[in-house]
A.B. asks: 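The structure follows.
Below, all heavy atoms of this structure are taken into account, side chains as well, without hydrogens, waters or symmetry copies. Quick caveat: nothing in here was measured; it's all calculated off a predicted structure. Just so we're on the same page: letters track the sequence lines, and every chain starts at 1.
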Amino acid sequence: MSEPDFVTAVLEVVADIPPGTVMTYGDVASTVGSRAARAVGTVMAHYGSEVPWWRVVRASGHPAVGHEDRAVEHYRAEGTPLTRDGQRVDLAAARHRPV
DNA sequence: AAGTTGACTTTCG
DNA sequence: TCGAAAGCCAACT
């Protein structure tokens, strides 16, 4: 494709997110050396089927629109800290910070 | 080559 | 605290 390096980098970072933790699109983009948070979402929309996409959430802690229910099911199964709403992730406790 | 679209982020009201 | 507008980057037409 046009930028396979970008796609591979994103998939690699997402696959490196440990269970019970999450990362924002902006964090993933920053880890791959870019600020293209939207491009990360586009990659997930096409290649996310092969990676734990539910571990990638928005800056607000909400999962991808249209996939919130699927994501919450995974969070409960992995023990990811959620807010009292049960619809968004507690970034203060679940945000994964790469070294 | 130029313009539009998108699983986003941040700031202003 | 919630809602709308502008900004950024990569991919697609």
A.B. asks: Within this structure, what is the CZ-to-P distance between A:Arg58 and B:dT10, rounded to whole angstrom?
C.D. replies: 13 Å
A.B. asks: Rounded to the Å, how far apart are A:Arg95 CZ and B:dT9 C1'?
C.D. replies: 12 Å
A.B. asks: Would you mind reading off the distance between A:Trp54 atom CH2 and B:dA7 atom C1', rounded to a whole angstrom?
C.D. replies: 14 Å
A.B. asks: If every non-hydrogen atom of A:Pro98 is compared with every non-hydrogen atom of A:Thr31, which pair is closest and at what distance?
C.D. replies: CG-OG1, 3.8 Å
A.B. asks: Scan residues 11-44 of chain A against DNA chain C and write down, sorted by residue number, each residue with any heavy atom closer than 4.0 Å; if none is found, say none.
C.D. replies: A:Ser34, A:Arg35, A:Ala36, A:Arg38, A:Ala39
A.B. asks: How long is the straight-line distance from CH2 of A:Trp53 back to CG of A:Leu11, given to the nearest 0.5 Å?
C.D. replies: 15.0 Å
A.B. asks: Starting at atom NE2 of A:His62, determine the distance to atom P of C:dG3, rounded to an integer number of angstrom.
C.D. replies: 11 Å
A.B. asks: Please evaluate residues A:Val51 and A:Met44 with respect to the criterion side-chain contact (heavy atoms from CB on, under 4.5 Å), reporting the C-alpha separation (whole Å), side-chain torsions for both, the decisive distance (0.1 Å), and the verdict.
C.D. replies: CA-CA 8 Å; A:Val51 293; A:Met44 301 306 299; 3.5 Å; yes
A.B. asks: Among residues two or more places apart or on two chains, list those pairs meeting side chain to side chain donor-acceptor pair (under 3.5 Å) that have a residue in residues 63-77 of chain A.
C.D. replies: none
A.B. asks: May I have the step-by-step check of side-chain contact (heavy atoms from CB on, under 4.5 Å) for A:Val10 and A:Val28, ending in yes or no?
C.D. replies: CA-CA 7 Å; A:Val10 171; A:Val28 175; 4.1 Å; yes
A.B. asks: Roughly how far, to the nearest 0.5 Å, is the CG atom of A:Asp16 from the OG1 atom of A:Thr21?
C.D. replies: 9.0 Å
A.B. asks: Report the distance from atom NE2 of A:His96 to atom CZ of A:Arg55, rounding to the nearest 0.5 Å.
C.D. replies: 10.0 Å
A.B. asks: Atom CG of A:Asp85 to atom C1' of C:dT1: distance rounded to whole Å?
C.D. replies: 12 Å
A.B. asks: Separation of A:Arg88 atom CZ from B:dA7 atom C1', in whole Å?
C.D. replies: 18 Å
A.B. asks: Is A:Arg95 salt-bridged to A:Asp27, cutoff N-O under 4.0 Å?
C.D. replies: yes
A.B. asks: What is the nucleic acid contact for A:Ala45, judged by heavy atoms within less than 4.0 Å: base, sugar-phosphate only, or nothing?
C.D. replies: base
A.B. asks: Please give the stem ranges for DNA chain B, sorted by first residue number, where a stem is three or more consecutive Watson-Crick or G-U pairs and both donor-acceptor distances are under 3.5 Å.
C.D. replies: B:2-6 with C:9-13, B:8-13 with C:2-7
A.B. asks: What's the OH-C1' distance between A:Tyr47 and C:dA11, to the nearest Å?
C.D. replies: 10 Å
